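Here is the structure we will look at.
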Amino acid sequence: MLELAHSRTGFAFQMAAGLAVRLQHFVMDIEQYALHSGTERVLDLLRRLAEESCPAPHPAPAVVTLPASKNVVASRLSLKPETFSRILRRLTDMGAIRMNGRTIVLVDLDAAGTPDLI
């Protein structure tokens, strides 16, 4: 690997760029765990999944699929599975999302993002 990095500077720059992106995501995750509520973390995940699945402009309503089981996603968001389920239920009751298994229809996330509902 080191020989390849020495002989091909483009490869070395690509590796460094990839590591920088991963580090940036790691720092953003830690920031979210420390500074944002569980609901904010779930909303952010849903928005990121929508952006990844359909670059702007988003069709209304956007449809996303959780990348793993709800337990794994909850763990990734630093939430207990039951807390994650309660947040999803609250968002469903508010009309912000509709759920069918791991598939989530993002109906109106902006309504869920108001401070008094988080």
Side-chain angles (χ1 to χ4, degrees):
M1 188 71 100
L2 287 175
E3 288 178 28
L4 187 58
H6 284 295
S7 65
R8 304 185 105 191
T9 55
F11 174 76
F13 281 118
Q14 286 178 338
M15 279 188 58
L19 289 171
V21 168
R22 290 184 72 170
L23 179 62
Q24 181 181 22
H25 284 264
F26 182 67
V27 169
M28 287 171 46
D29 285 347
I30 291 172
E31 178 182 281
Q32 281 217 339
Y33 303 150
L35 302 177
H36 297 105
S37 72
T39 302
E40 289 172 315
R41 294 193 304 265
V42 171
L43 290 170
D44 184 61
L45 170 72
L46 295 175
R47 288 183 179 112
R48 279 190 286 149
L49 289 174
E51 288 173 6
E52 291 171 5
S53 68
C54 184
H58 303 296
V63 178
V64 300
T65 302
L66 293 177
S69 71
K70 290 178 185 174
N71 286 347
V72 172
V73 173
S75 175
R76 181 77 173 94
L77 294 173
S78 192
L79 297 170
K80 292 182 180 179
E82 55 270 18
T83 302
F84 183 57
S85 292
R86 277 195 299 272
I87 291 169
L88 291 175
R89 170 57 49 204
R90 192 169 1 145
L91 293 173
T92 300
D93 292 345
M94 291 170 35
I97 64 172
R98 287 192 315 260
M99 293 198 57
N100 184 12
R102 286 177 35 193
T103 302
I104 302 174
V105 179
L106 309 181
V107 179
D108 186 9
L109 292 186
D110 292 333
T114 58
D116 57 324
L117 296 175
I118 294 178

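Reckoned from all heavy atoms, side chains included, excluding hydrogens, waters and symmetry mates. All residue numbers in this chain count up from 1 along the given sequence. Since we're looking at a predicted model, the values are computed, not measured.
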Problem - Ser85 side chain vs Pro81 backbone, donor-acceptor pair below 3.5 Å - result: yes
Problem - Arg89, CZ: over 12 other non-hydrogen atoms inside 6.0 angstrom - result: no
Problem - Spacing of CD belonging to Glu82 relative to CG belonging to Asn71, to within rounding of 0.5 Å - result: 9.0 Å
Problem - Residues clustering with Leu23 (ILVMFWY side chains joined when closer than 4.5 Å, directly or via others) - result: Val27
Practice task
Quick one: pull up CD1 in Ile104 and CG in Leu46 and give me the separation to the nearest 0.5 Å.
Solution key: 5.0 Å
Practice task
Considering non-hydrogen atoms only, spot the tightest contact between Leu49 and Thr65 and give its length.
Solution key: CD1-O, 4.1 Å
Practice task
Tell me, please, which residues at least two apart from Arg86 pass side-chain hydrogen bond (donor to acceptor under 3.5 Å, both in side chains).
Solution key: Thr83
Handout entry: Whether Arg102 side chain and Leu66 backbone form a donor-acceptor pair below 3.5 Å
Key = yes
Completion exercise
Residues Leu109 and Arg47: closest non-hydrogen pair is O-NH2, 3.4 Å
Exercise for the section: For Phe13, look at atom CZ and say whether over 12 heavy atoms of other residues, nucleotides or ligands are found less than 6.0 Å away. Expected result: no
Exercise for the section: Please indicate whether Asp93 has more than 12 foreign heavy atoms, meaning atoms of other residues, nucleotides or ligands, lying under 6.0 Å from its CG. Expected result: yes
Handout entry: Shared hydrophobic cluster, Leu79 / Val72 (ILVMFWY, side-chain heavy atoms < 4.5 Å)
Key = no
Exercise for the section: Check step by step if side-chain contact (heavy atoms from CB on, under 4.5 Å) holds for Asp44 and His36. Expected result: CA-CA 10 Å; Asp44 184 61; His36 297 105; over 6 Å; no
Problem - His25 side, atom NE2; Arg48 side, atom CZ - distance, nearest 0.5 Å - result: 8.0 Å
Exercise for the section: Could you pull out the closest heavy-atom pair between Val73 and Pro67, with the gap in Å? Expected result: CG2-CD, 4.2 Å
Handout entry: Atom pair CD (Gln14) and OG1 (Thr9), whose distance is rounded to the nearest 0.5 Å
Key = 10.0 Å
Problem - Beyond-backbone contact of Val107 with Ile97, side-chain heavy atoms, under 4.5 angstrom - result: no
Fill in the blank from the handout: Nearest heavy-atom contact between Ala50 and Leu106 is CB-CD1, 3.6 Å
Handout entry: For the student: nearest non-hydrogen atoms of Val63 and Thr103, plus distance
Key = CG1-CG2, 3.6 Å
Problem - Atom pair CD1/OG1 of Ile87 and Thr92 - distance to nearest 0.5 Å - result: 11.5 Å
